[in-house]
Structures are given as C-alpha cells and as structure tokens.
Asks: 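Before I ask anything, let me first share the structure, which is written out below as structure tokens.
These numbers come from the heavy atoms of this one structure, side chains and all, not from hydrogens, waters or symmetry mates. None of the values given here were measured: they were computed from a predicted structure. In this chain, residues are counted from 1 in sequence order.
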Amino acid sequence: MKTSDVKVIFLDIGGVLLSNGWGHESRQKAAQTFGLNYAEMDVLHHFIFNVYEIDSITLDEYLDRVVFNHHRDFTKEDFKAFMFAQSTELPDMLQWLKEWKKSCGFHIISINNEGRELNDFRIKKFGLHQCFDAFISSCEVRMRKPDPGIFKLAMGVAQASPKECIYFDDRLMLVQAAQKLGIRSFHHEAFSTTQRILEGFKNEKLKELEKSLEK
C-alpha cells in the first residue's frame, strides 16, 4: 500500500477529539452527585447501553431503566443536563483538526459509537461539522463498533477501498477490528503522535500532486 493512495481519514470522536460521551468516570461522578448506587447503575448500564447506542431506545427510555427505576428527588431533565455537561473538548486535537481540514485534501469521516441525543448535542456544541464531511454514527446506521459492517458501510459512503482509508481510534481493540478489513489503522494515544502521522500523509499527497504536475 502506498501512502499516496489514501483519500479518506476515518476518526473516532470520544477519546480522540472529545471526552467519552457517557463513560465510567462520568457515571461514577453522576452516582456521587445524585446519590445513586453505582454498582447497580453500572450493571443496568451494561445491559442496555448498547441498545441505546444503536437507536433502539431513546435516552429517556435508557434513563427509565438505569436511573429512574426508583423514585428520585431530582428530575430527568436535571440528570440529562448533567450528562451533557460531561462532554468536554480534549486538549489541542479538535482545534488543530478544524484548521488542518481546510487544506489537507482528504475527506474526513467519523466512525463513532454514540446514542442519538448525546451525538446530536456533541456535534452542535463542539462544531464538529467544521472537521467532518460525514458522520457514521452508531445511532444513525444501527450498528456499532467493532461490528465489521460499520466500517464497510463507512467505506461505501466514502466510495473508497481499504487501501484508500486510514483510521484512528483510542481503543486498541477497535483499531484491530478495522485492520482486519485491510484499513491502515492507528492507535490514538497523544495529539502530537496523531498530528505527526496525519502531516506525513498530507506531505506525501502533496509530493504526488507535484510529480503529476511535472509530467
């Protein structure tokens, strides 16, 4: 595979650009803030959250089963406001990517697991349309990583073969899932490393363009 073959960059969102939408740290914080039994909440969460992420239930229905299965002294709106507030921008990567996208010459598409309400909120709140051309989100396509189907669908939307794509994710298992399909995939661990890799692909693309113009 040549570096210059690459046309499409697939990126995860949570753990790469933003904090996770509703990860274990946020759930632990919620349990402390609202006086919940975290152990019970965590068991129920793991039973049903995957169903929420593929849009088979709404956020309200998820909360009915996981939080409001007992009488509470707070409202569902209070709890949802807390959930949304847990989404934060990670240092450096998002702002850099928004600028880099203007001149990089690649299509950039998300492949992310997220429930609909959280996904919509995060896209609008953090201006993710400024760096993504499309969103292959689990809530929209009703598949979630590591299902190979979500990667195949993303390549179909992009009209690109595996050798024309690269993928970044902060979870090694998901990196390996994409690699099995022939997509060159990278484990995102730090902004500086991912930035260097992306700049390398951009520079190779520019070299190929210069050579073609010389012919």
Asks: Taking the side chain as everything from C-beta on, heavy atoms only, tell me whether F186 gets closer than 4.5 Å to V175.
Replies: no

Asks: Would you please test L128 and L94 for side-chain contact (heavy atoms from CB on, under 4.5 Å) and show each step?
Replies: CA-CA 8 Å; L128 300 187; L94 180 57; 3.7 Å; yes

Asks: The test is side-chain contact (heavy atoms from CB on, under 4.5 Å); show your working for K145 and F151 and say whether it passes.
Replies: CA-CA 8 Å; K145 301 177 291 185; F151 296 103; 3.9 Å; yes

Asks: Provide the closest heavy-atom pair for E114 versus C139 in the form atom of the first, atom of the second, distance.
Replies: O-CB, 3.2 Å

Asks: Is there a donor-acceptor contact under 3.5 Å linking the side chains of Y62 and W22?
Replies: yes

Asks: Do the numbers put K205 on top of the ring of F106, so that NZ or CZ is under 6.0 Å from the six-membered ring centre and no more than 45° off the axis?
Replies: yes

Asks: Hydrophobic clustering (ILVMFWY, side-chain heavy atoms < 4.5 Å, transitive) - are I9 and W96 grouped together?
Replies: yes

Asks: Please check if atom NZ in K80 has more than 12 non-hydrogen atoms from other residues, nucleotides or ligands closer than 6.0 Å.
Replies: yes

Asks: With a 4.5 Å cut-off on side-chain heavy-atom distances among I, L, V, M, F, W and Y, is there a chain of contacts connecting I150 to L118?
Replies: no

Asks: Give a yes or no on whether F84 and M41 share a hydrophobic cluster (residues Ile, Leu, Val, Met, Phe, Trp, Tyr; joining criterion: side-chain heavy atoms under 4.5 Å apart).
Replies: yes

Asks: Inspect the surroundings of CD in E25 and state if more than 12 heavy atoms from other residues, nucleotides or ligands are less than 6.0 Å away.
Replies: no

Asks: Please check if the number of heavy atoms outside H45 that lie under 6.0 Å from its NE2 is greater than 12.
Replies: yes

Asks: Taking everything shown except K152 itself, do over 12 heavy atoms lie less than 6.0 Å from its NZ?
Replies: no

Asks: Checking the side chain of H187 only, and the main-chain atoms of D170 only, is there a donor and an acceptor separated by less than 3.5 Å?
Replies: yes

Asks: What verdict does the salt bridge (charged side-chain N to carboxylate O under 4.0 Å, His left out) test give for R171 and D12, after you've listed the backbone C-alpha separation in whole Å, the side-chain angles of each residue and the deciding distance to 0.1 Å?
Replies: CA-CA 9 Å; R171 298 188 182 186; D12 189 20; 6.0 Å; no

Asks: Tell me the closest heavy-atom pair linking L18 and E89, and the distance in Å.
Replies: CD2-CA, 3.8 Å

Asks: Looking at side-chain heavy atoms only, is the closest gap between I108 and W100 below 4.5 Å?
Replies: yes

Asks: S161 and side chain to side chain donor-acceptor pair (under 3.5 Å): which partner among K163, E164, Q159?
Replies: E164

Asks: Between R196 and E199, does any NZ, NE, NH1 or NH2 come within less than 4.0 Å of an OD or OE carboxylate oxygen?
Replies: no

Asks: Tell me whether I57 shares a hydrophobic cluster with I54, the cluster being built from Ile, Leu, Val, Met, Phe, Trp, Tyr side chains joined at under 4.5 Å.
Replies: no

Asks: Apply side-chain contact (heavy atoms from CB on, under 4.5 Å) to the pair T33 and F74, showing each step before the final yes or no.
Replies: CA-CA 11 Å; T33 302; F74 51 88; over 6 Å; no

Asks: When you compare the side chain of F168 with that of L198, does any pair of heavy atoms fall below 4.5 Å?
Replies: yes

Asks: Do you know which two heavy atoms are closest between A160 and V8, and how far apart they sit?
Replies: CB-CG2, 3.9 Å

Asks: Looking only at non-hydrogen atoms, find the nearest pair between L59 and M83 and report the distance.
Replies: CD1-CE, 3.8 Å

Asks: Partners of Y38 by ring pair (Phe, Tyr, Trp, His ring centres under 6.0 Å), sequence neighbours excluded?
Replies: none

Asks: Would you say F68 ends up clustered with F49 if hydrophobic residues are merged whenever their side chains have heavy atoms under 4.5 Å apart, either directly or through other cluster members?
Replies: yes

